[in-house]
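For this chain, numbers begin at 1 and follow the sequence in order. Numbering of ligands and ligand atoms starts at 1, following listing order.
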Amino acid sequence: MAQETAPEAQGASAELVAYISTLAPETDSASTIRSLLAAGADVHARWESGATALHLAAARGNQQAVTEFLRAGAQWNAIDDVSKSVGEYARENGHEELYAFLVDEGVRTEFLLMALGASATDAYEEEEEVDEAEAPELVQDAADSKPAQASAHPSNADYLFRPLTFSEGRILDADKNGVMMGWEAPLMERHAAVIAPTPGLSVLNVGFGLGLIDTELQFLKPAKHTIIEAHPDVYAQMLREGWDKKPGVRILFGRWQDVLGDLEAYDGIFFDTFGEYYDDLKAFHEHLPNILNQDGIYSFFNGLAGTNSFFHDVACGLAEADLREMGLETKYIELVVDELGNETWRGVRRPYYSLPIYRLPVCKFEEF
Ligand SMILES: C[S@@+](CC[C@H](N)C(=O)[O-])C[C@H]1O[C@@H](n2cnc3c(N)ncnc32)[C@H](O)[C@@H]1O
């Protein structure tokens with residue numbers, strides 16, 4: 001139940017939640033909701049199962065109510081006690097149009113926050129204790145798509161200084177986060193085919209991991225094949241496997257941020273690092289106009305918010321909008337992901353991808 005102090009406000013909150021339960025998608029609700037909010041109803045109050053007024057309005061499919069709550073400061077990315085988003089409340093009740101509206105709202109809000117230099121990621125990272133009912137950040141890497149719980153999400157610097165374990169076709173970091181896992185092999189094969197559609201091209205891969213995409217790229221016979229890798233254990237493994245002697249291969253050992261000056265312009269670029277946030281991915285995107293040929297193709301590992309379809313859809317929209325700012329148009333190729341059972345995640349701190357579809361980004365300067 002809502003935690004209110006003033007009895008009038010408590011009454012208004014209770015009235016609000018009762019009113020929402022009467023709404024149909026087409027109900028004209030704006031003025032009633034505005035007056036209840038003006039009377040002190042709390043837009044942030046939590047109701048049954050930790051649902052917010054926005055969740056409840058989304059479940060009723062009432063866009064006017066949703067709009068009023070967002071205007072009143074409701075968080076588009078609130079989650080309930082079982083981590084369900086407002087988007088899921090809309091979709092599970094058959095309100096697809098409202099779902100799309102909520103995705104657009106999420107993209108618009110995040111885009112604005114990014115432009116103001118205060119992404120949601122920053123906001124949640126700054127919190128000491130993260131309330132489970134707060135929203136997840138948009139992470140780029142495989143480690144996590146839940147809020148940063150102090151040590152649960154490694155920073156890139158921490159990650160690079162701690163040892164890795166290579167076993168059973170996967171790499172785990174010191175906290176047992178999955179850095180790279182074999183189940184991604186079919187995705188990497190498709191990414192390689194997308195960025196190197198013909199032999200003889202010049203390609204760049206950022207983040208070697210298990211070398212899955214680089215192995216595929218070698219089959220596709222690029223003329224030049226540059227690989228950036230920052231972790232000393234991965235770099236040592238690359239040397240043991242003779243990657244420094246493979247045809248066309250040039251290894252740049254270091255963080256991508258530190259080797260930008262050694263880069264040329266490429267026909268195909270793939271980005272897949274670890275321990276980095278959406279802001280890092282966006283920072284990389286800002287370099288694309290300098291390192292991607294005019295008719296080149298860019299792609300990245302799309303694990304953005306990979307355990308929640310609503311947040312994932314928002315993240316995909318945000319990436320698309322950010323890339324458009326760089327002059328790149330994005331299309332997503334949808335690939336079916338075989339169900340990743342418990343066995344896949346055995347010994348891994350937490351599953352980082354659970355969506356049935358993988359949206360593989362294909363980005364080009366010209367419209368296509
Ligand atoms: C998810 S793995 C890449 C997997 C790879 N796509 C494959 O097919 O096996 C991420 C890799 O990025 C590396 N990495 C992390 N941060 C980096 C950075 N800032 N610059 C370059 N490489 C980085 C990690 O050490 C790791 O090897």
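Two rings, from Tyr358 and His191, have their centers less than 6.0 Å apart. Aromatic rings of Trp256 and Phe270 (six-membered ring for Trp) have centroids beyond the 6.0 Å cut-off, not under it. For Tyr159 and Phe274, the distance between ring centers is under 6.0 angstrom. In this structure, Trp76 has its ring center closer than 6.0 angstrom to the ring center of Phe311.
Remark: ligand 1 atoms within the under-4.0 Å shell around heavy atoms of Val179 are 1 (C), 2 (S). Residue contact check: His231 has heavy atoms under 4.0 Å from atoms 25 (O) of ligand 1. Those atoms of ligand 1 that come under 4.0 Å of a heavy atom in Glu276, given as number and element, are 19 (N). Close approach of ligand 1 to Met188 is summarised as follows: ligand atoms under 4.0 Å from at least one heavy atom of the residue are 6 (N), 8 (O). Interface of Val234 with ligand 1, defined as ligand atoms under 4.0 Å from a residue heavy atom, comprises 27 (O). Residue Tyr159 has at least one heavy-atom neighbour below 4.0 Å for each of these atoms of ligand 1: 15 (C), 24 (C), 25 (O), 26 (C). Below 4.0 Å from some heavy atom of Ile213 lie the following atoms of ligand 1, by number and element: 6 (N), 7 (C), 8 (O). Atoms of ligand 1 found under 4.0 Å from any heavy atom of Ala230, numbered from 1 in the order shown, are 17 (C), 18 (C), 20 (N), 21 (C), 22 (N), 23 (C).
Between Lys331 and Glu320, none of the side-chain N atoms (NZ, or NE/NH1/NH2) sits under 4.0 Å from a carboxylate O, so this pair counts as no salt bridge. In this structure, Arg346 pairs ionically with Glu168, as a charged nitrogen and a carboxylate oxygen lie closer than 4.0 Å. Ion pair Lys364/Glu329 not flagged as a salt bridge, since none of the NZ, NE, NH1 or NH2 atoms sits closer than 4.0 Å to an Asp/Glu carboxylate oxygen. For Arg91 and Glu88, the salt-bridge test fails: no basic side-chain N is under 4.0 Å from an acidic carboxylate O.
In this structure the side chain of Asn205 never reaches within 4.5 angstrom of the side chain of Ile228, judged on heavy atoms.
For atom 18 (C) of ligand 1, the nearest non-hydrogen atom from the set Phe253, Phe301, Tyr235, Trp256 comes from Trp256. Nearest-heavy-atom check against atom 26 (C) of ligand 1 across Glu229, Glu216, Met180 picks out Glu229.
The parts of Thr273 lying near ligand 1 are both backbone and side chain, judged by heavy-atom distances below 4.0 Å. Contacts between Asp214 and ligand 1, counted as non-hydrogen atom pairs separated by less than 4.0 Å, are absent for every part of the residue.
Taking only nitrogen or oxygen atoms, main chain and side chain alike, Val206 does not reach within less than 3.5 Å of ligand 1. Taking distance alone, with nitrogen or oxygen atoms compared against 3.5 Å, Leu160 stays at or beyond that limit from ligand 1. Between Phe208 and ligand 1, a contact under 3.5 Å exists for at least one N or O pair.
Between Ala185 and ligand 1 there is no heavy-atom distance shorter than 4.0 Å. Within the 4.0 Å heavy-atom shell around ligand 1 one does not find Gly275. For His191, the heavy-atom gap to ligand 1 stays at 4.0 angstrom or more.
In this structure, a donor-acceptor pair under 3.5 Å is present between the side chains of Tyr278 and Asp322. Tyr99 and Asp313 are linked by a side-chain donor-acceptor pair at a separation below 3.5 angstrom, with hydrogens and angles left out of the test.
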